[in-house]
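Below is one structure; the comments refer to it alone.
All chains are named by letter (A, B, ...) in the order of the sequence lines, taking the proteins before the strands, and each is independently numbered beginning at 1.
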Protein chains: 2
Amino acid sequence: MAENVTIKTIASLLGISHSTVSRALQNNPRIGLRTRERVQEMAKNLKYVSNSGAQLLKNVTTHSVGIVVPNLHEEYFSMMISGIEDVLGQMGYQAIICQSRDDMQREKKAVEHFLRARVEGLLVSLSATTNQYDHFQNLGSYGIPIVFCDRTPKGFPSFRVRSVVETGMKSGLEYLFQKGIRKIALLNGPSYLLSADERLNTYLQGMLELKLETSPKYIRTTDLSKEDTSHQMRELLALENIPEAIIAFNDYVALDAIKVCREAGYNIPFLSFGNLPITNYMEHGPIASVEQFPYEIGQKAAELLRNVLNTKDLEYKEEVVHSVLKIRE
Amino acid sequence: MAENVTIKTIASLLGISHSTVSRALQNNPRIGLRTRERVQEMAKNLKYVSNSGAQLLKNVTTHSVGIVVPNLHEEYFSMMISGIEDVLGQMGYQAIICQSRDDMQREKKAVEHFLRARVEGLLVSLSATTNQYDHFQNLGSYGIPIVFCDRTPKGFPSFRVRSVVETGMKSGLEYLFQKGIRKIALLNGPSYLLSADERLNTYLQGMLELKLETSPKYIRTTDLSKEDTSHQMRELLALENIPEAIIAFNDYVALDAIKVCREAGYNIPFLSFGNLPITNYMEHGPIASVEQFPYEIGQKAAELLRNVLNTKDLEYKEEVVHSVLKIRE
DNA sequence: CTGTTAGCGCCTTCAA
DNA sequence: TTGAAGGCGCTAACAG
């Protein structure tokens with residue numbers, strides 16, 4: 001087989017011009033049916049694959065969309081990706097994924113790659129270390145729209161879809177309150193994550209509404225590593241007034257923290273965020289978890305991107321997906 | 001900002017020729033330092049991004065490698081991807097990921113995309129439903145090497161890296177044997193997976209070596225869905241002679257099966273494959289798990305691909321990563 | 001050190 | 001219904 005089958009190869013083999021081949025391959029009705037069939041058959045036999053480079057040069061769209069996520073091992077993100085893919089699939093688009101590993105440099109590289117590859121759009125969940133957005137600014141001038149999902153930038157106008165934890169957090173606090181629990185601690189994520197901000201704010205607000213006392217001692221943040229989570233949990237256990245319940249930033253934090261508690265002989269109820277499938281296997285998981293619907297977030301983001309692609313001059317807007325408390329015990 | 005900044009834009013703005021710009025951008029030392037700096041600064045200001053389409057046309061390599069995995073929610077694959085990425089990163093390559101969702105059609109689409117995008121190589125873990133390999137055959141004629149990881153094709157000569165479970169399985173059987181356990185069942189994966197084949201063979205062989213009886217009743221296969229796994233497990237529990245231990249295809253199967261056992265009031269020890277981090281959170285996980293080192297498999301696969309890229313006419317070869325039994329109780 | 005020129009594979013007017 | 005010709009943005013001889 002020839003190393004490089006191009007339309008010229010097919011053209012000369014068939015004794016026709018390459019423009020005819022090009023048109024035949026696109027099913028252009030101006031080309032005779034007979035010719036079209038012969039061309040397409042030959043193309044198949046020769047295993048011809050169009051060179052997207054050349055097509056790109058002619059502004060033929062790639063029908064691909066880039067996805068950048070912080071990591072792939074959190075079910076949260078893989079579910080979000082599935083939501084995106086399912087919508088994209090219906091549009092006949094291919095989803096291409098890169099992970100930033102929560103490293104801004106890698107995120108930049110991924111974005112640059114997508115930019116060079118001229119994807120038609122980008123769906124991004126920011127890396128935890130991203131503190132500037134230059135690499136996204138460029139895309140605008142290339143007409144490549146971005147939709148941020150869940151991990152959205154601060155002070156950077158853009159399309160975005162994010163989870164709102166308010167409802168979930170408040171139902172959670174009420175749930176604990178009804179059980180007679182008053183001393184509720186928050187084991188939060190790092191403050192540079194918007195979602196940690198939001199948890200803190202709604203926690204404080206919810207506590208206030210329930211007229212419950214809060215104390216700085218009951219509010220700790222972990223960098224999400226198992227080590228730090230364990231450390232922070234131990235600090236909570238070292239208080240004179242050990243909390244009666246703990247709200248964890250997400251299921252992973254909850255699991256790590258619960259382990260520490262149980263090893264220390266405590267059986268403190270946990271409430272967490274995520275409601276991920278893995279917690280179904282736990283005998284001692286959180287007693288309730290706030291479902292954030294990552295699949296739906298992905299879907300909404302992809303649908304928003306579809307709208308942006310169809311309606312070129314859409315105004316920036318934000319869509320939200322509300323969370324719901326799921327009681328598991 | 002101009003919609004499309006090309007080297008010509010920069011050239012005319014600077015009053016030099018576009019080839020000078022091209023060279024300056026590549027840091028070609030033949031271009032004067034002064035000019036180079038001016039060009040690069042202007043490029044930065046204008047947020048110039050090279051058009052990879054045009055570069056592709058000139059056979060400039062993309063420095064990207066495509067990865068196709070069955071799914072992203074299994075930690076096994078995300079760890080494999082991390083192994084790949086870390087090696088690729090050192091080479092200055094970008095990893096691009098698609099998931100096939102265990103669907104051959106999607107797998108084909110992903111491969112076609114990568115082919116058009118002219119990635120320099122492909123790393124593939126086959127979808128469970130892939131039963132023909134035409135879509136991989138093409139790549140050869142385009143000089144795009146493929147390395148199959150873990151889920152490798154049957155009867156299709158290729159580069160491959162796979163996990164060998166023999167050592168792990170045998171240590172596992174011996175471990176159970178030493179505990180006085182004799183009736184050992186196998187809850188295997190679907191037979192179209194090579195890895196299921198391998199587990200079955202080594203199980204039978206190991207049992208024979210230990211002079212233990214085997215029975216078809218003790219060998220069941222699940223399609224890996226929670227439902228089927230639960231069903232198969234219930235069948236095992238319905239036997240007159242309930243097995244004293246069960247070897248599960250992987251950690252997920254084990255977790256699903258263990259749940260069924262415990263709900264039925266049984267406390268049968270499980271041995272499984274994967275040794276995935278999630279099992280660390282389980283109070284009643286498998287008593288031992290065979291570590292398969294997916295990260296290392298990814299690394300080896302990427303290294304093999306690197307060799308193939310450097311040494312164009314390498315012979316097909318297979319590398320293996322041996323498994324190790326990890327006792328957890 | 002820099003400019004001129006040709007061409008990568010494809011699509012698309014324009015002509016026939 | 002088809003062919004000829006030009007050009008997309010870039011790189012790389014080949015000339016200066």
Does the side chain of A:Glu74 pick up a donor-acceptor pair with the side chain of A:Asn71 at under 3.5 Å? yes
Looking at A:Arg101 and A:Glu107, is there a salt bridge between them, counting it only when a charged N and a carboxylate O are closer than 4.0 Å? no
Any salt bridge linking A:Asp86 with B:Arg106? Criterion: basic side-chain nitrogen under 4.0 Å from a carboxylate oxygen. yes
From CG of B:Asn27 across to C1' of D:dA12 the rounded distance in Å is 17 Å
Polar contact flag, side-chain donor to acceptor under 3.5 angstrom, A:Ser17-A:Thr20: yes
Do B:Ser22 and B:Gln26 pair up side chain to side chain, a donor and an acceptor below 3.5 Å, judged on atom types alone? yes
Under 4.0 Å protein heavy-atom contacts per nucleotide of nucleotides 3-9 of chain C, with B for base, S for backbone only and - for none: BBB-BBB
Charged N-O contact under 4.0 Å between B:Arg160 and B:Glu319: no
Check this one for me: any side-chain N or O of B:Gln26 less than 4.0 Å away from OP1 or OP2 of D:dC10? no
Could you tell me whether A:Asp102 and A:Arg151 make a salt bridge, using a distance below 4.0 angstrom between a side-chain N and a carboxylate O? yes
Judged by modelled atom types alone, do B:Tyr76 and B:Asp150 share a side-chain donor-acceptor pair under 3.5 Å? yes
Among residues 32-39 of chain B, which ones have heavy-atom contacts with DNA chain C below 4.0 Å? B:Gly32, B:Thr35
